[in-house]
A.B. asks: 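Here it is, the structure in full.
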Amino acid sequence: TALGDGLTALISGLTVAAAALVGAQAVATGRLGGVALAVVILTPLAAFEAVLGMPLAVQYRQRVCRSAERVYEVLDAPVPVREPGAPRQAPVSPFPLVVEGLTARYAGQDRDALAGMDLTLERGRRTAVVGPSGSGKTTLAQVLLRFLDPDAGSYTLAGTDARALDGDDVRRLVGLCAQDAHLFNSSIRENLLLARKEASEGELRDALGRARLLDWADGLPDGLDTLVGEHGARLSGGQRQRLALARALLADFPVLVLDEPAEHLDLATADALTADLLAATEGRTTLLITHRLAGLEAVDEVVVLDAGRVVQRGTYAELAATDGPLRTMARREEETELLAAVR
């Protein structure tokens with residue numbers, strides 16, 4: 001911007017000065033009249049008005065080129081999921097959801113994000129998958145939602161290969177409530193209705209109640225018509241996650257995947273949210289992906305991942321009573337909570 005403005009002023013000024021010099025010499029020799037000299041001097045100024053937009057055009061061209069690079073980066077990226085040419089009919093119920101020997105790797109990575117994973121989700125059964133960052137937890141969610149194709153192993157829904165189904169059909173059976181669930185710059189009501197547009201007022205309120213948001217919503221001046229702001233900016237972190245959970249509950253997915261729902265929250269808020277999530281999903285087939293252990297006594301099975309592999313599985317009580325990765329994680333979590341309390 002500075003270069004464009006500066007060069008325009010410089011060239012325009014030099015042109016006017018040159019025109020004035022030549023015109024003055026012409027007047028001195030009698031070849032040009034005084035009135036005509038004024039016209040000669042003013043003509044470059046008028047001419048430069050036609051090119052004043054060129055520096056701005058260069059700026060926009062650079063901006064558009066950078067945008068095009070980002071678009072082409074997406075278009076040229078390898079397709080993470082191959083949709084079947086002739087999709088099979090989706091089963092009415094996904095149960096049992098079975099993963100056997102699942103191995104998955106992201107494009108460009110030199111190691112498997114998941115290796116030899118086995119998992120079975122039955123109706124009404126709740127399973128927690130825990131492990132440190134990079135252990136493959138979110139990769140599992142990506143595969144279950146068909147955002148990523150496995151390199152080996154099988155993934156079936158009621159005996160039907162998930163890769164033979166249309167991706168949207170899979171996502172009608174397996175739903176996701178992610179840590180970065182998007183909230184639109186609209187009202188609480190409109191954000192909920194994205195899950196099921198024909199939902200009644202009672203169903204909206206029931207979903208909010210199960211997510212422990214109903215009392216808060218009723219206390220707002222505009223109730224469910226309160227605007228949440230862009231990306232939910234008017235809500236706290238916990239409120240945003242609870243609203244996302246309410247939307248997922250309203251959608252009534254047969255299998256609900258909760259991917260790090262308490263991420264980016266302080267410890268007290270994270271533990272309270274996790275407890276409410278487990279209470280809200282009681283009796284519902286749920287896969288809870290988390291790095292926190294608080295409240296996991298309520299789930300039916302805990303699977304511990306490390307470097308993409310299952311290193312422990314069983315009930316929380318069994319694993320906590322045995323020397324192993326989960327007990328180590330529990331000790332670290334207790335130390336972290338103690339330090340936080342001291343501070």
Side-chain angles (χ1 to χ4, degrees), residues 79-100 102 104 114 117 119-129 137-150 153-184 186 188-200 202-208 210-211 241-261 277-278 280-289 300:
V79 179
V81 176
R82 294 179 180 85
E83 293 287 354
R88 295 180 60 180
Q89 180 70 32
V92 177
S93 169
F95 304 111
L97 185 158
V98 180
V99 166
E100 291 183 340
L102 190 69
L114 274 179
M117 173 85 179
L119 180 69
T120 299
L121 298 180
E122 299 283 358
R123 187 188 302 274
R125 186 174 177 84
R126 295 188 295 181
T127 301
V129 178
K137 303 188 301 295
T138 296
T139 303
L140 175 61
Q142 298 280 310
V143 172
L144 295 181
L145 272 293
R146 288 221 66 223
F147 293 147
L148 178 68
D149 271 339
S154 64
Y155 167 31
T156 60
L157 299 167
T160 303
D161 188 349
R163 285 173 288 187
L165 301 174
D166 183 84
D168 287 338
D169 287 341
V170 173
R171 288 182 285 274
R172 291 187 186 97
L173 298 171
V174 183
L176 175 69
C177 181
Q179 58 179 286
D180 55 353
H182 185 80
L183 296 180
F184 289 88
S186 186
I188 296 172
R189 183 189 308 277
E190 292 297 331
N191 273 280
L192 288 174
L193 289 174
L194 287 171
R196 204 165 83 237
K197 62 181 179 181
E198 73 280 1
S200 66
E203 289 171 327
L204 296 181
R205 293 178 62 82
D206 178 65
L208 287 172
R210 284 186 287 165
Q241 286 301 112
R242 290 176 188 274
L243 183 56
L245 172 64
R247 186 167 61 192
L249 294 173
L250 184 64
D252 199 24
F253 297 110
V255 177
L256 179 59
V257 178
L258 302 171
D259 185 12
E260 295 284 9
L277 288 174
L278 292 171
T281 57
E282 187 172 359
R284 178 188 296 267
T285 305
T286 307
L287 182 69
L288 173 61
I289 295 173
D300 299 292

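Values below: all heavy atoms of this structure, side chains included; hydrogens, waters and symmetry mates excluded.
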A.B. asks: Does the Y155 side chain pair with the main chain of L144, one donor and one acceptor, at a distance under 3.5 Å?
C.D. replies: yes

A.B. asks: Is there a side-chain contact between P94 and V170 (heavy atoms, below 4.5 Å)?
C.D. replies: no

A.B. asks: Would you indicate whether the side-chain heavy atoms of L97 and L287 approach each other to under 4.5 Å?
C.D. replies: no

A.B. asks: Check P150 against A104 and note the closest heavy-atom contact, atom names and distance.
C.D. replies: CA-CB, 4.2 Å

A.B. asks: Please check this pair: side chain of R196 against backbone of L250, looking for a donor-acceptor N/O pair closer than 3.5 Å.
C.D. replies: yes

A.B. asks: Taking C-beta and beyond as the side chain, do L140 and L119 meet within less than 4.5 Å on heavy atoms?
C.D. replies: yes

A.B. asks: Do E282 and R126 meet the salt-bridge criterion of a basic N to acidic O distance under 4.0 Å?
C.D. replies: no

A.B. asks: Compare every heavy atom of P87 with every heavy atom of L165, then report the nearest pair and how far apart it is.
C.D. replies: C-CB, 4.3 Å

A.B. asks: Nearest 0.5 Å, please: how far is CG in L208 from CZ in R247?
C.D. replies: 12.0 Å

A.B. asks: Check whether any side-chain heavy atom of V143 lies under 4.5 Å from a side-chain heavy atom of V99, and answer yes or no.
C.D. replies: no

A.B. asks: With D300, which residues qualify under side chain to side chain donor-acceptor pair (under 3.5 Å), at least two apart?
C.D. replies: none

A.B. asks: Less than 4.5 Å apart, any side-chain heavy atom of S154 and any of D161?
C.D. replies: no

A.B. asks: Roughly how far, to the nearest 0.5 Å, is the CD atom of E100 from the OG1 atom of T156?
C.D. replies: 7.0 Å

A.B. asks: Any idea which heavy atoms bring A248 and C177 closest together, and the distance?
C.D. replies: CB-CB, 4.1 Å

A.B. asks: For D180, which residues count as a side chain to side chain contact (heavy atoms under 4.5 Å, CB included) partner, sequence neighbours excluded?
C.D. replies: A178

A.B. asks: Using the side-chain contact (heavy atoms from CB on, under 4.5 Å) rule, take T286 and L277 through it: C-alpha gap first, then chi angles, then the decisive distance, then the call.
C.D. replies: CA-CA 10 Å; T286 307; L277 288 174; over 6 Å; no

A.B. asks: Would you please name every residue forming a side chain to side chain donor-acceptor pair (under 3.5 Å) with T285, sequence neighbours left out?
C.D. replies: none

A.B. asks: Where do R146 and R82 come nearest, in terms of heavy atoms and distance?
C.D. replies: NH2-O, 3.3 Å

A.B. asks: Can you tell whether the side chains of D252 and R284 come within less than 4.0 Å, N to carboxylate O?
C.D. replies: yes

A.B. asks: Please report the closest heavy-atom contact between A158 and S93, naming both atoms and the distance.
C.D. replies: CB-O, 3.2 Å

A.B. asks: Flag yes if more than 12 heavy atoms outside R125 fall under 6.0 Å of its CZ atom; otherwise flag no.
C.D. replies: yes

A.B. asks: With a 3.5 Å distance limit and no angle check, can you tell me whether E260 reaches the backbone of Q179 through a side-chain donor-acceptor pair?
C.D. replies: no

A.B. asks: For R210, give me all partners under side chain to side chain donor-acceptor pair (under 3.5 Å), at least two apart in sequence or on another chain.
C.D. replies: D206

A.B. asks: Of all heavy-atom pairs between I289 and P261, which one has the smallest distance, and what is that distance?
C.D. replies: O-CD, 3.7 Å

A.B. asks: Report yes if some heavy atom in the side chain of V255 is under 4.5 Å from a heavy atom in the side chain of F95; otherwise report no.
C.D. replies: yes

A.B. asks: Is any side-chain heavy atom of L249 less than 4.5 Å from a side-chain heavy atom of L245?
C.D. replies: yes

A.B. asks: Suppose we screen for side chain to side chain donor-acceptor pair (under 3.5 Å). Which residues come up paired with T139, at least two apart in sequence or across chains?
C.D. replies: Y106

A.B. asks: To the nearest 0.5 Å, tell me how far L258 CG sits from L288 CG.
C.D. replies: 5.5 Å

A.B. asks: List in chain and number order the residues that pass side chain to side chain contact (heavy atoms under 4.5 Å, CB included) with D168, two or more places apart in sequence or in another chain; answer none if no residue qualifies.
C.D. replies: D166, R171, R172

